[in-house]
Asks: 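Handing you this structure, nothing more for now.
Note that ligands are numbered from 1 as they come in the structure, with each ligand's atoms numbered from 1 the same way. Throughout, residue positions are numbered sequentially from 1 according to the sequence presented.
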Amino acid sequence: MITPISVARALPAVLALLATKAIAYPHDRESVDARNSNELVQPVYQALPLGSVKPQGWLKDQFKKSASGLAGNLFNFYRYVKDSQWLGGNSEYSDLHESAGYWFNGLVPLTFGLDDSRLKGQVKFFLDYILAHQQGDGWIGPETMPQTRGLWGRCYIMLGLMQYAQADSSETERIVDAMHRYIELVHSMLQNNFTGLVPKPGDVFDGSGWGPARAHEMHIPLQWLYENYPKNNSDLIWETMDLMIQGSTVFGTDWRNFFVKGTFPEVVYAPRDQAYTWLFTHGVNLAEAIRFPLAIYRTSHDEALKTQTRTAVDLVSKHHKSLAGTIIGDELITDLNPSKGAELCTSAELMFSLSWVYQYLADNDIADWVELTAFNAFPGQIWPDWWSHQYVQQENQPWARNLTVYPEMWEDVSSYGNVFGLEPNYPCCTVNHPQGYSKFLANAFVTTEDGGIAHVFLSPGTVSTTLANNNKVTISTDTNYPFSMDVSYSISADDDFTFYVRIPTWAHPSSTATKASGDSAPISPTNAGLHRFDISKGHSKVSVTLQTEPRVVERANNTAAVYYGPLLYSLALEFNETTRDPVGYDGGSIDPSSTTAQTRDHIIETTDLWNVAIDPSQIKVVSSGIKELANPVWAFGAPPVELRVAATEIEWPIAWDSPADPPLSPQVKGKPFSARFVPFASAQVHMAHFPKVELEAVDLDQ
Ligand SMILES: *[C@@H]1O[C@H](CO)[C@@H](O)[C@H](O)[C@H]1NC(C)=O
Ligand SMILES: *[C@@H]1O[C@H](CO)[C@@H](O)[C@H](O)[C@H]1NC(C)=O
Ligand SMILES: *[C@@H]1O[C@H](CO)[C@@H](O)[C@H](O)[C@H]1NC(C)=O
Ligand SMILES: *[C@@H]1O[C@H](CO)[C@@H](O)[C@H](O)[C@H]1NC(C)=O
Ligand SMILES: *[C@@H]1O[C@H](CO)[C@@H](O)[C@H](O)[C@H]1NC(C)=O
């Protein structure tokens with residue numbers, strides 16, 4: 001993420017900024033009004049305190065794999081965690097000192113989602129250490145000089161602390177105390193010309209401006225503190241939020257100026273006169289920044305910022321969203337080209353951002369997008385045993401190997417970036433990926449404005465919580481979704497309540513809901529896409545059965561991709577595999593003390609024909625009917641649902657040692673055949689974006 005290239009790229013932006021005056025932002029007046037009200041805008045759907053939702057079924061298996069894989073072992077061996085300056089060591093991959101914070105932010109929800117005592121030991125050790133080493137002036141972290149004290153690396157520490165305080169009430173008080181002492185210091189730093197946020201000459205904490213571009217990252221913990229444990233610091237917390245955004249504006253990274261139609265880059269390859277910094281076109285920044293206007297909306301009550309959040313979602317979706325649900329950017333956004341990459345951090349951050357945005361906007365398509373990322377892009381970038389990951393994923397990727405063309409097609413990713421490894425490129429994804437499924441689960445159930453509960457991301461999980469009037473409710477989900485379309489619930493409640501199940505936008509109206517009485521009827525979702533069940537006290541069972549058909553999504557130049565339910569499908573490509581000792585992110589070797597026997601880099605290449613065009617008018621669903629899912633479920637051949645699609649071999653050139661853009665006039669070779677398609681994330685090498693052709697009828701049973 002920070003390479004010499006990035007820093008060099010940043011400098012002109014910073015210099016340009018110093019030469020221009022701060023950009024005025026248009027909503028000052030509303031902001032003042034809202035400050036007088038001193039209330040935060042409330043979400044439509046409230047997330048539950050961390051730990052309320054536990055994984056079940058295949059998702060629990062994935063949590064366990066993450067815990068027994070990289071995420072749950074980084075603390076024991078990985079130099080940027082174990083030997084981080086945060087724990088008294090000496091290893092940081094950048095001056096941002098962000099790695100331990102990323103790790104903590106992801107490990108806390110993994111730990112309390114799984115309720116795993118070994119992981120509790122890790123996060124508790126870290127918590128004890130950083131609180132014991134909180135400095136006299138309130139600073140959290142190892143830095144002792146103004147020049148080295150950057151706020152950005154602490155945003156994720158704050159997020160981790162917030163989650164910890166929610167999940168473990170025995171730690172809440174001292175965590176909250178520490179946060180207050182820290183925020184008091186931050187407030188005084190920001191008042192002093194944005195010290196620690198906006199880098200000044202001589203500062204070494206942030207060579208590029210990541211902090212100002214991600215200034216809103218502190219808002220979620222600050223807003224939580226403000227609402228739950230304000231102490232006497234309400235005004236100070238509020239001002240700290242304002243100051244963070246002001247600092248971002250002064251630096252020139254106010255996203256309110258960027259998520260504007262006409263300014264936002266729709267076509268990157270033919271750039272307009274770009275009046276903005278590359279920090280705006282950075283894929284991970286963009287994934288985080290979808291929350292930027294909304295974070296301010298909560299304090300300003302300015303409806304324009306809520307509208308702008310929807311605009312931001314739409315602009316990113318229309319112009320930069322991959323078929324698998326992430327943002328294409330390597331690391332800068334690069335249109336919709338299927339051989340361009342998308343960073344693992346991007347899908348992890350995007351799921352979290354969209355989950356949060358969904359809670360305020362309540363637009364059903366946003367929840368669909370979260371599921372799309374969670375069941376396609378994100379797991380597709382992680383090796384089935386959770387010990388290695390890709391830095392970048394391509395939609396069309398018949399091999400994951402050291403690409404042989406130099407310089408690479410990628411803007412700021414090395415030729416090794418699509419290999420599944422320990423740190424195949426920048427180490428941020430190694431430490432940041434644990435938050436992906438952990439926060440997806442934590443946001444899967446929400447409470448509704450009428451005091452009920454909604455299951456909004458349909459994966460298997462159990463929620464236990466107490467509703468109004470001390471109504472203790474437990475809802476357990478039995479489902480193989482997204483590998484099946486049935487979702488069943490066992491519910492126990494002390495009193496009556498309303499339970500909602502989100503119906504994805506792709507579900508057919510003939511989908512059915514079965515009430516506790518056993519009566520089934522077609523679903524009747526609200527405008528927000530929620531199907532309502534009135535649950536009586538005691539034990540009950542309800543279910544939904546979704547109906548859908550394979551969907552063909554058309555893209556430019558007569559190309560298409562195939563979906564069934566929330567899953568994107570890929571041509572099934574067999575592959576061979578070689579493993580090797582992990583390569584360091586700088587291309588060198590890694591000290592063996594910072595690896596384990598399991599941290600192998602996987603170089604994989606398909607041994608199958610990958611260069612095909614498809615006829616999407618001929619698709620058949622093939623289900624094994626097996627009820628017991630394989631574990632790991634995202635391994636090649638493991639999912640029980642596949643498709644057969646009429647296809648034919650074509651001439652497909654190679655560019656940059658990857659499949660070139662889908663050919664415009666595909667030259668057909670050989671005879672049409674029935675091609676096996678499998679869920680994208682289970683195809684470790686994959687092809688998902690094809691030219692369309694019309695083919696004679698093919699026997700899809702073959
Ligand atoms: C505040 O910081 C800016 C750089 O962000 C610098 O140009 C300016 O001189 C500083 N002002 C003061 C009063 O230190
Ligand atoms: C808040 O301030 C009042 C008055 O200064 C003081 O008595 C009280 O202890 C403070 N409360 C907290 C929680 O710090
Ligand atoms: C990838 O290939 C380039 C060019 O041949 C080479 O410099 C680099 O060392 C290779 N990386 C690895 C990990 O093999
Ligand atoms: C469509 O094909 C043309 C010609 O190869 C290419 O310039 C253009 O970028 C393609 N459009 C998209 C959206 O891929
Ligand atoms: C893997 O398969 C590719 C394509 O068939 C082939 O070029 C390569 O040599 C094979 N590698 C190994 C290690 O078998």
Asks: Flag the pair His97 / Trp152 as yes when their ring centroid distance falls below 6.0 Å, and as no otherwise.
Replies: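 Centroid separation for His97 and Trp152: 6.0 Å or greater.
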Asks: Could you list the atoms of ligand 4 found under 4.0 angstrom from a heavy atom of Ala556?
Replies: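 So the atoms of ligand 4 that pass are 12 (C), 13 (C).
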Asks: Which of the atoms of ligand 3 are close to Val583, meaning less than 4.0 Å from one of its heavy atoms?
Replies: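 Within the 4.0 Å cut-off of Val583, ligand 3 contributes 13 (C).
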Asks: Hey, is atom 7 (O) of ligand 3 touched by any protein heavy atom at less than 4.0 Å?
Replies: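 So far as the 4.0 Å threshold goes, atom 7 (O) of ligand 3 is out of reach of every protein heavy atom.
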Asks: Which ligand 3 atoms are under 4.0 Å away from a heavy-atom of Tyr416?
Replies: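 Within the 4.0 Å cut-off of Tyr416, ligand 3 contributes 13 (C).
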Asks: Does atom CD of Glu694 have more than 12 heavy-atom neighbours from other groups under 6.0 Å away?
Replies: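 Counting neighbours around CD of Glu694, 12 or fewer heavy atoms of other residues, nucleotides or ligands fall under 6.0 Å, so no.
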Asks: Could a heavy atom of Asp661 be found less than 4.0 Å from some atom of ligand 4?
Replies: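 No, Asp661 has no heavy atom closer than 4.0 Å to ligand 4.
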Asks: Run the salt bridge (charged side-chain N to carboxylate O under 4.0 Å, His left out) test on Arg154 and Glu217 for me, step by step, so that the C-alpha distance in whole Å, both residues' side-chain angles and the decisive distance to 0.1 Å come before the verdict.
Replies: CA-CA 10 Å; Arg154 264 133 286 268; Glu217 287 292 10; over 6 Å; no
Asks: Which ligand 4 atoms, with their elements, are less than 4.0 angstrom from a heavy-atom of Leu664?
Replies: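 The list of qualifying atoms is 2 (O), 4 (C), 5 (O).
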Asks: In ligand 1, which numbered atoms sit nearer than 4.0 Å to a non-hydrogen atom of Val198?
Replies: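 That gives atoms 5 (O) of ligand 1.
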Asks: Nearest non-hydrogen contact with atom 12 (C) of ligand 4 belongs to which option: Asp335, Asn557, Asn337?
Replies: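 Nearest option to atom 12 (C) of ligand 4, by heavy atoms: Asn557.
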Asks: If you measure from CD on Glu343 to CD1 on Ile327, what distance do you get to the nearest 0.5 Å?
Replies: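 One gets 11.0 Å once the value is rounded to the nearest 0.5 Å.
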Asks: Looking at Trp410 versus Trp656, is the centre-to-centre ring distance below 6.0 Å?
Replies: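 No, ring centres 6.0 Å or more apart.
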Asks: For atom 14 (O) of ligand 3, state which one of Val405, Asn402, Val419 supplies the nearest heavy atom.
Replies: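 Minimum heavy-atom distance to atom 14 (O) of ligand 3 goes to Asn402.
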Asks: Looking at the rings of Tyr564 and Phe677, which for Trp means the six-membered one, are their centres under 6.0 Å apart?
Replies: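 No: the rings miss the under 6.0 Å criterion.
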Asks: Between Phe258 and Phe264, does the ring centre distance come in under 6.0 Å?
Replies: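 Judged by ring-centre distance (under 6.0 Å), Phe258 and Phe264 do meet the cut-off.
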Asks: What is the nearest protein non-hydrogen atom to atom 4 (C) of ligand 3, stated with its residue, atom name and distance?
Replies: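 It is Tyr406 OH, 2.8 Å.
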